[in-house]
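Just so it is clear, the model here is predicted, and its values are computed rather than measured. Side chains are part of it too, since the values below use all heavy atoms of this structure and drop only hydrogens, waters and symmetry mates.
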Amino acid sequence: MKILLFAFLRETLGREAVELPDDAFPIRVDRLRALVGEAGDDAFRELMADANVLCAINQRVANDDATVNAGDEVAFFPPMTGG
């Protein structure tokens, strides 16, 4: 399953997605953050642990208690700002 990364997460890791096996699911978002963080260095792991980094499951923002199932579309991204 492909976990999409956006903005500075993508830039820090150097790629736009992290692949995880389908047998890693179902999984809670907080545990998924840790697994995705393991794909990078200490700086990337620290970014993934930041509560300001949002998770979307099937294009809806989800909290760390939400469950991700195999086949869901999952993305991590920084909070949006505007002006």
Taking the side chain as every heavy atom from C-beta outward, state whether [X] and [Y] have any pair of such atoms under 4.5 Å apart.
X   : Y   : result
D72 : M1  : yes
V53 : F6  : no
L5  : F76 : yes
V36 : F44 : yes

Neighbour count above 12 (heavy atom, 6.0 Å) for E73 CD: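 Atom CD in E73 is crowded, with more than 12 foreign heavy atoms closer than 6.0 Å.
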
Flag if over 12 foreign heavy atoms under 6.0 Å of CD, Q59: no

Considering only NZ, NE, NH1 and NH2 on the basic side and carboxylate oxygens on the acidic side, decide whether R28 and D64 come within less than 4.0 Å. no

Thinking salt bridges, do R33 and D30 make one under a 4.0 Å N-O criterion? no

Following the transitive rule for hydrophobic clusters with a side-chain heavy-atom cut-off under 4.5 Å over Ile, Leu, Val, Met, Phe, Trp and Tyr, establish whether [X] and [Y] coincide in one cluster.
X   : Y   : result
L4  : V61 : yes
I3  : I27 : yes
V74 : L35 : yes

Considering all heavy atoms of both residues, which atom of L13 and which atom of A39 are nearest to each other, and what is their separation?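 Heavy atoms only, the tightest pair is CD1-O, 3.4 Å.
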
So which heavy atom on P26 is nearest to which on N69, and how close?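 So the two residues come closest at CB-OD1, 3.4 Å.
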
Evaluate the side-chain contact (heavy atoms from CB on, under 4.5 Å) criterion for residues I57 and V29: first the C-alpha distance (whole Å), next the side-chain angles of each, then the deciding distance (0.1 Å), finally the verdict. CA-CA 9 Å; I57 302 171; V29 169; 3.9 Å; yes

Would you confirm whether R45, through its side chain, and A34, through its main-chain N or O, come within 3.5 Å as a donor-acceptor pair?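 No, R45 side chain to A34 backbone: no donor-acceptor pair under 3.5 Å.
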
Could you tell me whether a side-chain N or O of D22 sits under 3.5 Å from a main-chain N or O of F25, the two making a donor and an acceptor?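 Side chain of D22 to backbone of F25, a donor-acceptor pair under 3.5 Å: no, none is there.
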
Working note: L20 + L32, criterion side-chain contact (heavy atoms from CB on, under 4.5 Å); need CA distance, chi angles, decisive distance, verdict. CA-CA 10 Å; L20 294 175; L32 182 59; 3.4 Å; yes

